[in-house]
Amino acid sequence: MELGRLEYLQALVTEFQVTDSTGNKRRCSLALSVSSVSSHTRLFSLAEAKEQVLANLANFAYDPSNYEYLRQLQVLDLFLDMLTEDNETLVEFAMGGLCNLCLDKTNKEYILAANGVDPIINCLSSSNEETVVSAVTTLMFLTTPRSRAQTTALPVVECMLRFSLSANTRLSNLASIFLQDYCSPPQVEEARNLSRHTAVGIPLPKD
């Protein structure tokens, strides 16, 4: 075991947790008192620090040699938890990290067992293009014979149909691959018919 690498990743996770704890305490303090300029600056710095640490963890998820360490440090849970944050940057980095990790069979099974598909599907409604692209890609990687009913549920297929018509070439190409390789013709037809009778859908991300 490479203790140096494990210790460094542990330090990142600890830094993120400490920053999160400090940030939460700071928010409580600001809610109970009149905010000063320095308080706002401090809160902004904490948010930036949290984003930077999460971005570093997501980058380490590119390397398969880190998978065991990231599982040991429960970074998959950390990424899943961040998908429900209001901060779009944190959601983007967490979704990117999960996208990198789910190429691995063990990580894939963990995410599925942790009920990670639903929060990933919710990320399809993000206004952030990178978050949406990572979410679509992750759903592809998570699709198995057992998970297919969930990853290609009707609302997801409807969403992919809309994305396939997007002026954003990157998104439209990815959605077209999803429809062709992961959905059956009857699924696509059912979603297409339903879309003709409703104006409600997941909004397209901003370019």
Side-chain angles (χ1 to χ4, degrees), residues 47-48 50-63 75-76 78-104 107-108 111-112 115-144 147-207:
E48 282 191 322
K50 193 174 177 182
E51 291 167 4
Q52 185 59 56
V53 175
L54 197 64
N56 287 336
L57 287 171
N59 285 335
F60 276 104
Y62 275 110
D63 188 350
V75 173
L76 281 79
L78 188 155
F79 285 153
L80 288 170
D81 288 343
M82 289 299 103
L83 295 185
T84 57
E85 284 284 314
D86 293 330
N87 184 324
E88 277 286 350
T89 302
L90 291 178
V91 176
E92 175 189 336
F93 293 149
M95 193 65 258
L98 288 170
C99 186
N100 294 333
L101 289 169
C102 68
L103 284 167
D104 175 76
N107 292 337
K108 178 189 303 187
I111 294 168
L112 291 173
N115 298 314
V117 173
D118 284 342
I120 291 169
I121 289 175
N122 289 339
C123 287
L124 295 175
S125 63
S126 173
S127 60
N128 183 312
E129 178 187 340
E130 294 302 323
T131 299
V132 174
V133 168
S134 291
V136 174
T137 306
T138 301
L139 288 174
M140 291 180 178
F141 293 153
L142 291 177
T143 300
T144 67
S147 67
R148 185 177 298 275
Q150 188 176 13
T151 58
T152 64
L154 185 58
V156 176
V157 182
E158 281 188 277
C159 178
M160 297 304 165
L161 282 172
R162 295 185 66 251
F163 287 169
S164 69
L165 300 176
S166 171
N168 184 320
T169 304
R170 184 184 180 203
L171 182 59
S172 63
N173 288 342
L174 193 60
S176 295
I177 292 172
F178 188 98
L179 292 168
Q180 180 178 338
D181 294 351
Y182 296 88
C183 305
S184 67
Q187 280 181 300
V188 176
E189 187 60 28
E190 181 182 4
R192 185 174 285 117
N193 289 336
L194 188 59
S195 296
R196 294 193 185 107
H197 296 89
T198 179
V200 179
I202 297 175
L204 295 173
K206 296 177 182 178
D207 293 334

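Only this structure's heavy atoms are used, side chains among them; waters, hydrogens and symmetry mates stay out. Numbers for residues simply follow the sequence, beginning at 1.
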Determine whether [X] and [Y] make a side-chain contact, defined as any pair of heavy atoms from C-beta on separated by less than 4.5 Å.
{"X": "M82", "Y": "N87", "answer": "no"}
{"X": "I111", "Y": "I120", "answer": "yes"}
{"X": "L179", "Y": "S164", "answer": "yes"}
{"X": "E51", "Y": "L90", "answer": "yes"}
{"X": "L57", "Y": "F79", "answer": "yes"}
{"X": "L54", "Y": "K50", "answer": "no"}

Reported [atom1]-to-[atom2] distance for the pair [X] and [Y], which is rounded to 0.5 angstrom:
{"X": "S134", "Y": "E129", "atom1": "OG", "atom2": "CD", "result": "10.0 Å"}
{"X": "M160", "Y": "L174", "atom1": "CE", "atom2": "CG", "result": "7.5 Å"}
{"X": "L161", "Y": "E189", "atom1": "CG", "atom2": "CD", "result": "9.5 Å"}
{"X": "F93", "Y": "L98", "atom1": "CZ", "atom2": "CG", "result": "14.0 Å"}
{"X": "R148", "Y": "T144", "atom1": "CZ", "atom2": "OG1", "result": "8.0 Å"}
{"X": "M95", "Y": "N122", "atom1": "CE", "atom2": "CG", "result": "11.0 Å"}

Distance-minimising heavy-atom pair for [X] and [Y]:
{"X": "C183", "Y": "V157", "value": "SG-CG2, 3.9 Å"}
{"X": "V132", "Y": "C123", "value": "CG2-O, 3.8 Å"}
{"X": "A94", "Y": "L83", "value": "CB-CD2, 4.0 Å"}
{"X": "V156", "Y": "Q150", "value": "CG2-O, 4.4 Å"}

Problem set entry | F60: ring-ring contact (aromatic ring centres under 6.0 Å, His included) partners, not counting sequence neighbours | Y8

Exercise. By ring-ring contact (aromatic ring centres under 6.0 Å, His included), which residues pair with F178, not counting sequence neighbours?
Worked result: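 With neighbours one apart ignored, the set is Y182.
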
For this session: Could you tell me which residues satisfy salt bridge (Lys or Arg N to Asp or Glu O under 4.0 Å) with D63, sequence neighbours excluded, listed by chain and number?
Result: R5

Problem set entry | Enclosure of E88 CD (heavy-atom neighbours >12, cutoff 6.0 Å) | yes

For this session: Ignoring hydrogens and angles, tell me if any N or O in the side chain of N128 forms a donor-acceptor pair with the backbone of T89 under 3.5 Å.
Result: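 Not a single qualifying donor-acceptor pair exists.
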
Exercise. Hey, which of T138, T152, D181, T151 is the one that makes side-chain hydrogen bond (donor to acceptor under 3.5 Å, both in side chains) with T143?
Worked result: T151

